[in-house]
Amino acid sequence: MTTPTPDPAAHAEPEDFTTADYAARMAAAAQSAADAGLAGLLIAPGPDLTHLTGYRPTAETERLTLLVLAAGQDPVLVVPALEAPDAAKAPGADALTLRDWTDGKDPYRVAAPLLDVSGRFGVSDNTWALHLLGLQRELPATAYSPLTDALPMLRAVKDERELARLAAAGAAADAAYAQILHVPFAGRRESEVAADLAGLLRVHGHSQVDFTVVGSGPNGANPHHEAGERVIRHGDMVVLDFGGLKHGYGSDISRTVHVGEPTPEEQRVHDIVREAQQAGFAAVRPGATCQDVDRAARAVITEFGYGERFVHRTGHGIGVTTHEPPYMVEGEEQPLVPGMCFSVEPGVYLPGRFGVRIEDIVTVTADGGRRLNNAPREMAIVG
(Lines give C-alpha, C1' and ligand atoms only; values in the text may rest on other atoms or scores of the structure.)
Protein backbone atom coordinates (compact mmCIF):
# COMPACT_ATOMS: atom_id res chain seq x y z
CA MET A 1 0.00 0.00 0.00
CA THR A 2 1.29 3.43 -0.90
CA THR A 3 1.35 5.62 2.20
CA PRO A 4 -1.04 8.54 1.61
CA THR A 5 -0.25 12.11 2.50
CA PRO A 6 -2.25 13.07 5.59
CA ASP A 7 -4.49 16.10 5.56
CA PRO A 8 -2.87 18.69 7.87
CA ALA A 9 -6.31 19.84 9.00
CA ALA A 10 -7.00 16.35 10.29
CA HIS A 11 -4.02 16.68 12.63
CA ALA A 12 -4.92 20.04 14.14
CA GLU A 13 -4.47 19.90 17.89
CA PRO A 14 -7.76 20.13 19.80
CA GLU A 15 -8.28 22.68 22.53
CA ASP A 16 -6.78 21.41 25.79
CA PHE A 17 -8.93 20.46 28.76
CA THR A 18 -8.34 22.89 31.62
CA THR A 19 -7.96 22.46 35.36
CA ALA A 20 -11.46 23.90 35.64
CA ASP A 21 -12.79 21.18 33.32
CA TYR A 22 -11.35 18.44 35.51
CA ALA A 23 -12.52 20.15 38.70
CA ALA A 24 -16.05 20.34 37.30
CA ARG A 25 -15.99 16.67 36.28
CA MET A 26 -14.85 15.55 39.73
CA ALA A 27 -17.42 17.74 41.48
CA ALA A 28 -20.20 16.45 39.23
CA ALA A 29 -19.13 12.84 39.80
CA ALA A 30 -19.07 13.32 43.57
CA GLN A 31 -22.53 14.89 43.51
CA SER A 32 -23.88 12.12 41.27
CA ALA A 33 -22.55 9.59 43.78
CA ALA A 34 -24.32 11.38 46.64
CA ASP A 35 -27.55 11.57 44.62
CA ALA A 36 -27.30 7.81 44.09
CA GLY A 37 -26.99 7.20 47.83
CA LEU A 38 -23.26 6.48 47.75
CA ALA A 39 -20.72 7.72 50.27
CA GLY A 40 -18.34 8.44 47.41
CA LEU A 41 -16.37 7.06 44.49
CA LEU A 42 -13.08 5.15 44.41
CA ILE A 43 -11.38 5.47 41.04
CA ALA A 44 -8.46 3.24 40.05
CA PRO A 45 -6.15 3.75 37.03
CA GLY A 46 -8.10 3.38 33.81
CA PRO A 47 -10.56 5.33 31.69
CA ASP A 48 -12.47 6.81 34.64
CA LEU A 49 -9.29 8.21 36.19
CA THR A 50 -8.16 9.62 32.84
CA HIS A 51 -11.54 11.25 32.28
CA LEU A 52 -11.74 12.78 35.74
CA THR A 53 -8.13 13.92 36.24
CA GLY A 54 -6.20 13.57 32.99
CA TYR A 55 -3.80 11.24 34.82
CA ARG A 56 -2.82 8.07 32.99
CA PRO A 57 -0.11 6.11 34.87
CA THR A 58 2.60 4.91 32.50
CA ALA A 59 2.27 1.27 33.54
CA GLU A 60 -0.03 -1.01 35.47
CA THR A 61 1.31 -1.70 38.93
CA GLU A 62 0.39 -3.57 42.08
CA ARG A 63 0.99 -0.35 44.03
CA LEU A 64 -2.24 1.34 45.08
CA THR A 65 -3.30 4.41 43.09
CA LEU A 66 -6.78 5.61 44.04
CA LEU A 67 -8.81 8.77 43.50
CA VAL A 68 -11.27 9.34 46.35
CA LEU A 69 -14.29 11.54 45.58
CA ALA A 70 -17.10 12.48 47.95
CA ALA A 71 -19.55 15.36 48.00
CA GLY A 72 -18.37 18.16 50.31
CA GLN A 73 -14.83 16.76 50.39
CA ASP A 74 -11.83 17.86 48.35
CA PRO A 75 -10.70 15.25 45.82
CA VAL A 76 -7.68 13.23 46.96
CA LEU A 77 -5.45 11.06 44.81
CA VAL A 78 -3.54 8.41 46.76
CA VAL A 79 -0.36 7.52 44.84
CA PRO A 80 2.92 5.67 45.39
CA ALA A 81 5.64 8.16 46.29
CA LEU A 82 7.80 7.13 43.35
CA GLU A 83 4.94 8.02 40.95
CA ALA A 84 3.87 11.23 42.70
CA PRO A 85 6.00 13.50 40.44
CA ASP A 86 4.23 12.19 37.33
CA ALA A 87 0.82 12.47 38.99
CA ALA A 88 1.58 16.09 39.92
CA LYS A 89 2.04 16.88 36.21
CA ALA A 90 -1.41 15.59 35.25
CA PRO A 91 -3.72 18.23 33.70
CA GLY A 92 -6.18 17.98 36.59
CA ALA A 93 -3.62 17.77 39.40
CA ASP A 94 -4.17 21.35 40.55
CA ALA A 95 -7.81 20.50 41.26
CA LEU A 96 -6.99 17.77 43.79
CA THR A 97 -4.72 16.88 46.72
CA LEU A 98 -2.00 14.28 46.31
CA ARG A 99 -1.38 11.94 49.20
CA ASP A 100 1.58 9.66 48.63
CA TRP A 101 2.80 6.55 50.39
CA THR A 102 6.18 4.84 50.37
CA ASP A 103 7.11 1.22 49.86
CA GLY A 104 7.04 -0.64 53.17
CA LYS A 105 3.96 1.28 54.36
CA ASP A 106 0.41 -0.06 54.25
CA PRO A 107 -1.33 1.98 51.52
CA TYR A 108 -4.79 0.98 52.75
CA ARG A 109 -4.11 2.70 56.06
CA VAL A 110 -3.28 5.82 54.05
CA ALA A 111 -6.55 5.60 52.11
CA ALA A 112 -8.81 4.50 54.99
CA PRO A 113 -9.10 7.91 56.76
CA LEU A 114 -10.52 9.37 53.53
CA LEU A 115 -13.47 6.97 53.55
CA ASP A 116 -16.68 6.80 55.55
CA VAL A 117 -16.07 3.78 57.79
CA SER A 118 -19.53 2.34 57.10
CA GLY A 119 -20.22 3.83 53.66
CA ARG A 120 -21.10 2.21 50.35
CA PHE A 121 -18.81 3.31 47.54
CA GLY A 122 -18.90 3.11 43.78
CA VAL A 123 -15.65 1.63 42.46
CA SER A 124 -14.31 1.74 38.92
CA ASP A 125 -14.89 -1.56 37.15
CA ASN A 126 -11.21 -2.32 36.64
CA THR A 127 -10.17 -1.93 40.30
CA TRP A 128 -7.85 -4.76 41.26
CA ALA A 129 -9.32 -7.28 43.71
CA LEU A 130 -6.05 -6.93 45.66
CA HIS A 131 -6.88 -3.30 46.43
CA LEU A 132 -10.57 -3.74 47.12
CA LEU A 133 -9.87 -6.58 49.54
CA GLY A 134 -7.20 -4.46 51.20
CA LEU A 135 -9.70 -1.68 51.81
CA GLN A 136 -12.30 -4.13 53.08
CA ARG A 137 -9.75 -5.56 55.51
CA GLU A 138 -9.04 -2.07 56.84
CA LEU A 139 -12.70 -0.96 56.84
CA PRO A 140 -14.84 -4.10 57.22
CA ALA A 141 -18.14 -2.17 57.48
CA THR A 142 -17.78 -0.60 54.03
CA ALA A 143 -19.56 -1.89 50.93
CA TYR A 144 -18.81 -1.49 47.23
CA SER A 145 -20.63 -1.45 43.89
CA PRO A 146 -19.08 -1.41 40.41
CA LEU A 147 -19.62 1.86 38.57
CA THR A 148 -21.35 0.03 35.71
CA ASP A 149 -24.12 -0.72 38.20
CA ALA A 150 -23.87 2.31 40.49
CA LEU A 151 -23.27 5.16 38.01
CA PRO A 152 -23.37 3.77 34.48
CA MET A 153 -23.78 7.25 32.94
CA LEU A 154 -20.71 8.75 34.66
CA ARG A 155 -18.91 9.47 31.37
CA ALA A 156 -21.89 9.27 29.02
CA VAL A 157 -22.63 12.96 28.42
CA LYS A 158 -19.81 14.73 26.61
CA ASP A 159 -18.97 18.42 26.73
CA GLU A 160 -18.10 20.49 23.65
CA ARG A 161 -14.36 19.77 23.85
CA GLU A 162 -15.02 16.05 24.09
CA LEU A 163 -17.47 16.19 21.18
CA ALA A 164 -14.83 17.94 19.08
CA ARG A 165 -12.38 15.11 19.76
CA LEU A 166 -14.95 12.46 18.91
CA ALA A 167 -15.84 14.29 15.70
CA ALA A 168 -12.16 14.46 14.73
CA ALA A 169 -11.74 10.74 15.43
CA GLY A 170 -14.81 9.99 13.33
CA ALA A 171 -13.54 12.11 10.43
CA ALA A 172 -10.20 10.31 10.58
CA ALA A 173 -11.95 6.93 10.40
CA ASP A 174 -13.97 8.18 7.42
CA ALA A 175 -10.74 9.20 5.68
CA ALA A 176 -9.20 5.79 6.35
CA TYR A 177 -12.26 4.10 4.84
CA ALA A 178 -12.13 6.28 1.74
CA GLN A 179 -8.55 5.22 1.13
CA ILE A 180 -8.93 1.50 1.92
CA LEU A 181 -11.36 1.26 -1.01
CA HIS A 182 -8.41 1.81 -3.35
CA VAL A 183 -6.19 -1.01 -2.09
CA PRO A 184 -6.36 -4.52 -3.61
CA PHE A 185 -8.65 -6.96 -1.79
CA ALA A 186 -8.84 -10.05 -4.03
CA GLY A 187 -5.87 -12.37 -3.63
CA ARG A 188 -4.73 -10.84 -0.33
CA ARG A 189 -5.14 -12.16 3.20
CA GLU A 190 -7.60 -10.53 5.60
CA SER A 191 -4.66 -9.77 7.89
CA GLU A 192 -2.97 -7.75 5.14
CA VAL A 193 -6.02 -5.54 4.59
CA ALA A 194 -6.34 -5.19 8.38
CA ALA A 195 -2.73 -3.99 8.54
CA ASP A 196 -3.53 -1.43 5.82
CA LEU A 197 -6.47 -0.18 7.88
CA ALA A 198 -4.35 0.13 11.01
CA GLY A 199 -1.74 2.08 9.07
CA LEU A 200 -4.36 4.44 7.64
CA LEU A 201 -5.82 5.15 11.08
CA ARG A 202 -2.35 6.10 12.30
CA VAL A 203 -1.70 8.24 9.22
CA HIS A 204 -4.87 10.13 10.09
CA GLY A 205 -3.82 10.85 13.63
CA HIS A 206 -4.79 7.83 15.72
CA SER A 207 -2.35 7.15 18.55
CA GLN A 208 -3.96 3.78 19.28
CA VAL A 209 -5.65 1.21 17.04
CA ASP A 210 -8.06 -0.96 19.02
CA PHE A 211 -9.44 -3.28 16.34
CA THR A 212 -9.44 -3.88 12.59
CA VAL A 213 -12.06 -6.49 11.74
CA VAL A 214 -11.85 -7.76 8.16
CA GLY A 215 -14.42 -10.52 7.72
CA SER A 216 -14.49 -11.87 4.18
CA GLY A 217 -17.04 -14.27 2.72
CA PRO A 218 -18.26 -16.70 5.41
CA ASN A 219 -16.04 -15.02 8.02
CA GLY A 220 -18.25 -11.94 7.74
CA ALA A 221 -21.03 -13.92 9.44
CA ASN A 222 -19.00 -13.75 12.68
CA PRO A 223 -19.57 -10.22 14.04
CA HIS A 224 -16.26 -10.16 15.95
CA HIS A 225 -14.16 -12.14 13.53
CA GLU A 226 -10.47 -11.42 13.93
CA ALA A 227 -8.70 -10.85 10.63
CA GLY A 228 -6.92 -14.06 9.75
CA GLU A 229 -5.08 -15.80 6.95
CA ARG A 230 -8.08 -16.42 4.70
CA VAL A 231 -7.37 -15.16 1.19
CA ILE A 232 -10.08 -12.79 0.01
CA ARG A 233 -11.68 -13.90 -3.24
CA HIS A 234 -13.55 -12.30 -6.11
CA GLY A 235 -17.25 -12.48 -5.21
CA ASP A 236 -16.72 -12.04 -1.45
CA MET A 237 -18.71 -9.71 0.73
CA VAL A 238 -16.24 -8.14 3.23
CA VAL A 239 -17.22 -6.60 6.57
CA LEU A 240 -14.83 -3.85 7.72
CA ASP A 241 -15.07 -2.69 11.36
CA PHE A 242 -12.23 -0.59 12.73
CA GLY A 243 -11.38 2.08 15.25
CA GLY A 244 -9.14 3.33 18.01
CA LEU A 245 -8.20 6.51 19.84
CA LYS A 246 -7.31 9.94 18.48
CA HIS A 247 -6.49 12.72 20.94
CA GLY A 248 -7.66 10.29 23.63
CA TYR A 249 -11.16 9.74 22.20
CA GLY A 250 -12.57 6.88 20.20
CA SER A 251 -13.56 6.09 16.65
CA ASP A 252 -15.56 3.07 15.50
CA ILE A 253 -16.99 2.58 12.02
CA SER A 254 -18.29 -0.38 10.03
CA ARG A 255 -18.92 -0.65 6.32
CA THR A 256 -19.49 -3.70 4.13
CA VAL A 257 -17.88 -3.83 0.69
CA HIS A 258 -17.99 -6.34 -2.14
CA VAL A 259 -15.18 -7.71 -4.30
CA GLY A 260 -16.70 -7.34 -7.74
CA GLU A 261 -20.41 -7.08 -8.41
CA PRO A 262 -22.77 -8.47 -5.72
CA THR A 263 -25.56 -10.95 -6.33
CA PRO A 264 -29.15 -9.66 -6.07
CA GLU A 265 -29.48 -11.34 -2.65
CA GLU A 266 -26.29 -9.76 -1.33
CA GLN A 267 -27.40 -6.34 -2.53
CA ARG A 268 -30.84 -6.85 -0.97
CA VAL A 269 -29.43 -7.79 2.44
CA HIS A 270 -27.11 -4.79 2.32
CA ASP A 271 -30.02 -2.51 1.46
CA ILE A 272 -32.04 -3.91 4.39
CA VAL A 273 -29.20 -3.27 6.84
CA ARG A 274 -28.72 0.22 5.45
CA GLU A 275 -32.43 0.93 5.94
CA ALA A 276 -32.24 -0.44 9.49
CA GLN A 277 -29.25 1.74 10.28
CA GLN A 278 -31.12 4.80 9.04
CA ALA A 279 -34.14 3.83 11.16
CA GLY A 280 -31.94 3.51 14.24
CA PHE A 281 -30.40 6.92 13.58
CA ALA A 282 -33.83 8.49 13.01
CA ALA A 283 -34.93 7.24 16.45
CA VAL A 284 -32.21 9.28 18.19
CA ARG A 285 -33.64 12.28 20.02
CA PRO A 286 -33.72 13.62 23.57
CA GLY A 287 -36.18 11.74 25.73
CA ALA A 288 -36.16 8.57 23.63
CA THR A 289 -34.68 5.58 25.41
CA CYS A 290 -31.68 3.51 24.45
CA GLN A 291 -33.96 0.56 23.69
CA ASP A 292 -35.98 2.73 21.30
CA VAL A 293 -32.92 2.93 19.03
CA ASP A 294 -32.48 -0.83 19.15
CA ARG A 295 -36.16 -1.44 18.49
CA ALA A 296 -36.25 0.89 15.49
CA ALA A 297 -33.30 -0.78 13.76
CA ARG A 298 -34.39 -4.29 14.70
CA ALA A 299 -37.94 -3.76 13.44
CA VAL A 300 -36.71 -3.19 9.88
CA ILE A 301 -34.56 -6.32 9.84
CA THR A 302 -37.35 -8.39 11.40
CA GLU A 303 -39.88 -7.10 8.86
CA PHE A 304 -37.75 -8.48 6.04
CA GLY A 305 -37.40 -11.89 7.70
CA TYR A 306 -33.86 -11.65 9.07
CA GLY A 307 -34.66 -10.90 12.72
CA GLU A 308 -32.97 -14.06 14.00
CA ARG A 309 -29.83 -13.12 12.09
CA PHE A 310 -29.37 -9.80 13.92
CA VAL A 311 -27.52 -11.30 16.88
CA HIS A 312 -26.14 -8.34 18.85
CA ARG A 313 -27.23 -5.05 20.40
CA THR A 314 -27.64 -2.07 18.08
CA GLY A 315 -24.99 0.07 19.74
CA HIS A 316 -22.64 1.03 22.55
CA GLY A 317 -21.36 4.26 24.02
CA ILE A 318 -17.97 5.66 23.09
CA GLY A 319 -15.62 8.21 24.64
CA VAL A 320 -12.22 7.71 26.24
CA THR A 321 -12.78 4.03 25.43
CA THR A 322 -14.29 2.60 22.25
CA HIS A 323 -16.93 0.66 24.23
CA GLU A 324 -18.69 2.08 27.28
CA PRO A 325 -22.24 2.78 28.53
CA PRO A 326 -24.89 3.52 27.41
CA TYR A 327 -25.90 0.47 25.37
CA MET A 328 -28.59 0.48 22.68
CA VAL A 329 -30.28 -2.77 23.65
CA GLU A 330 -33.71 -4.07 24.62
CA GLY A 331 -34.38 -3.49 28.30
CA GLU A 332 -32.18 -0.38 28.60
CA GLU A 333 -34.61 2.37 29.51
CA GLN A 334 -32.00 5.10 30.06
CA PRO A 335 -33.30 8.27 28.36
CA LEU A 336 -31.12 9.88 25.72
CA VAL A 337 -29.84 13.37 26.53
CA PRO A 338 -27.84 15.83 24.43
CA GLY A 339 -24.13 15.05 24.49
CA MET A 340 -24.44 11.27 24.63
CA CYS A 341 -22.38 9.50 21.94
CA PHE A 342 -22.88 5.93 20.79
CA SER A 343 -22.79 3.64 17.79
CA VAL A 344 -25.75 2.61 15.65
CA GLU A 345 -24.66 -0.64 14.01
CA PRO A 346 -27.29 -3.17 12.95
CA GLY A 347 -26.20 -6.25 11.06
CA VAL A 348 -27.37 -9.44 9.39
CA TYR A 349 -25.23 -12.58 9.59
CA LEU A 350 -25.85 -15.66 7.44
CA PRO A 351 -23.66 -18.51 8.79
CA GLY A 352 -21.37 -20.09 6.23
CA ARG A 353 -22.19 -17.44 3.65
CA PHE A 354 -21.68 -13.74 4.45
CA GLY A 355 -22.50 -10.91 6.80
CA VAL A 356 -23.38 -7.22 6.55
CA ARG A 357 -22.92 -4.47 9.14
CA ILE A 358 -23.14 -0.69 8.80
CA GLU A 359 -22.10 1.49 11.73
CA ASP A 360 -21.80 5.17 12.53
CA ILE A 361 -21.06 7.02 15.74
CA VAL A 362 -23.96 9.34 16.60
CA THR A 363 -24.33 12.11 19.17
CA VAL A 364 -27.62 13.30 20.62
CA THR A 365 -28.40 16.96 19.88
CA ALA A 366 -31.05 19.30 21.26
CA ASP A 367 -33.58 18.16 18.68
CA GLY A 368 -32.38 14.84 17.29
CA GLY A 369 -29.06 13.25 16.40
CA ARG A 370 -25.91 14.03 14.46
CA ARG A 371 -23.67 11.49 12.76
CA LEU A 372 -19.96 11.70 13.52
CA ASN A 373 -19.25 9.37 10.58
CA ASN A 374 -20.19 10.56 7.12
CA ALA A 375 -18.53 7.98 4.88
CA PRO A 376 -20.89 6.70 2.16
CA ARG A 377 -23.16 3.87 3.31
CA GLU A 378 -23.89 2.47 -0.14
CA MET A 379 -22.17 -0.80 -0.92
CA ALA A 380 -18.73 -0.04 -2.35
CA ILE A 381 -17.23 -2.28 -5.02
CA VAL A 382 -13.55 -3.10 -4.48
CA GLY A 383 -11.04 -4.97 -6.59
Side-chain angles (χ1 to χ4, degrees), residues 16-34 38-147 150-151 154-155 207-208 245 247-248 320-321:
D16 289 338
F17 296 125
T18 66
T19 298
D21 291 328
Y22 290 111
R25 290 178 191 175
M26 288 188 280
Q31 187 58 53
S32 294
L38 299 170
L41 301 179
L42 307 178
I43 308 297
D48 294 319
L49 185 65
T50 301
H51 171 72
L52 290 166
T53 69
Y55 180 45
R56 189 191 299 267
T58 54
E60 287 193 10
T61 174
E62 75 284 357
R63 294 182 173 93
L64 178 71
T65 296
L66 195 70
L67 175 67
V68 181
L69 298 177
Q73 177 178 308
D74 290 339
V76 178
L77 181 62
V78 177
V79 293
L82 76 169
E83 296 176 9
D86 288 336
K89 297 175 185 176
D94 288 344
L96 52 79
T97 298
L98 288 179
R99 186 165 298 182
D100 63 16
W101 60 275
T102 57
D103 285 354
K105 303 289 185 180
D106 185 340
Y108 310 110
R109 291 188 175 180
V110 175
L114 304 172
L115 277 60
D116 181 332
V117 297
S118 59
R120 183 169 68 93
F121 293 86
V123 298
S124 47
D125 293 356
N126 56 327
T127 304
W128 284 24
L130 169 73
H131 300 320
L132 192 57
L133 292 170
L135 290 170
Q136 288 179 315
R137 184 175 61 247
E138 194 68 25
L139 299 169
T142 52
Y144 304 91
S145 298
L147 284 185
L151 285 180
L154 179 67
R155 306 195 313 263
S207 60
Q208 177 177 312
L245 298 182
H247 300 311
V320 292
T321 59

Set of salt bridge (charged side-chain N to carboxylate O under 4.0 Å, His left out) partners for Asp100, sequence neighbours left out: none
Candidate list Thr53, Ile43, Leu66, Thr65, test side-chain contact (heavy atoms from CB on, under 4.5 Å), partner Leu77, passing option: Thr65
Within residues 103-115 or reaching into it, pairs that qualify as side-chain hydrogen bond (donor to acceptor under 3.5 Å, both in side chains) - sequence neighbours excluded: Arg63-Asp103, Tyr108-His131
From Asp74 atom CG to Met26 atom CE, the distance as rounded to the nearest 0.5 Å: 10.0 Å
With sequence neighbours excluded, residues passing side chain to side chain contact (heavy atoms under 4.5 Å, CB included) with Arg99: Val76, Val110, Leu114
Salt bridge (Lys or Arg N to Asp or Glu O under 4.0 Å) contacts in which one or both residues fall within residues 42-58, not counting sequence neighbours: Asp48-Arg155
Atom of Gly54, atom of Pro91 and distance for their closest heavy-atom approach: O-CD, 3.4 Å
Derivation and outcome, side chain to side chain contact (heavy atoms under 4.5 Å, CB included), residues Leu42 and Leu69: CA-CA 7 Å; Leu42 307 178; Leu69 298 177; over 6 Å; no
Quick one: side chains of residues 136-147, donor-acceptor pairs under 3.5 Å with protein atoms, not counting sequence neighbours, listed by atom name and distance.
from	atom 1	to	atom 2	distance (Å)
Thr142	OG1	Leu139	O	2.6
Thr142	OG1	Tyr144	OH	2.7
Ser145	OG	Arg120	NH1	3.0

Heavy-atom pair with the smallest gap, counting every atom of Ala111 and Leu64: CB-CD2, 4.3 Å
Candidate pair His51 and Tyr22, rule side chain to side chain contact (heavy atoms under 4.5 Å, CB included), full reasoning: CA-CA 8 Å; His51 171 72; Tyr22 290 111; over 6 Å; no
Results of side chain to side chain donor-acceptor pair (under 3.5 Å) for Ser32 - residues two or more places apart only: none
Asn126: side chain to side chain contact (heavy atoms under 4.5 Å, CB included) partners, not counting sequence neighbours: Pro47, Ser124
Which residues share a side chain to side chain contact (heavy atoms under 4.5 Å, CB included) with Ala70, sequence neighbours left out: Gln73
Side chain to side chain donor-acceptor pair (under 3.5 Å) involving Thr97 - partner list, sequence neighbours excluded: none
For Gln31, side chain to side chain donor-acceptor pair (under 3.5 Å) partners two or more places apart: Asp35
Shortest non-hydrogen contact between Leu154 and Ala29, atoms and distance: CD1-CB, 3.6 Å
Side chain to side chain donor-acceptor pair (under 3.5 Å) partners for Asp16, two or more places apart: none
Pairwise side-chain contact, Val78 with Trp101, heavy-atom cut-off 4.5 Å (strictly under): yes
Main-chain N/O of Val123 paired to Thr127 side chain as donor or acceptor, under 3.5 Å: no
Donor-acceptor list for residues 82-89 side chains, cut-off 3.5 Å, not counting sequence neighbours:
none

Phe121 vs Leu115 side-chain heavy atoms within contact, under 4.5 Å: yes
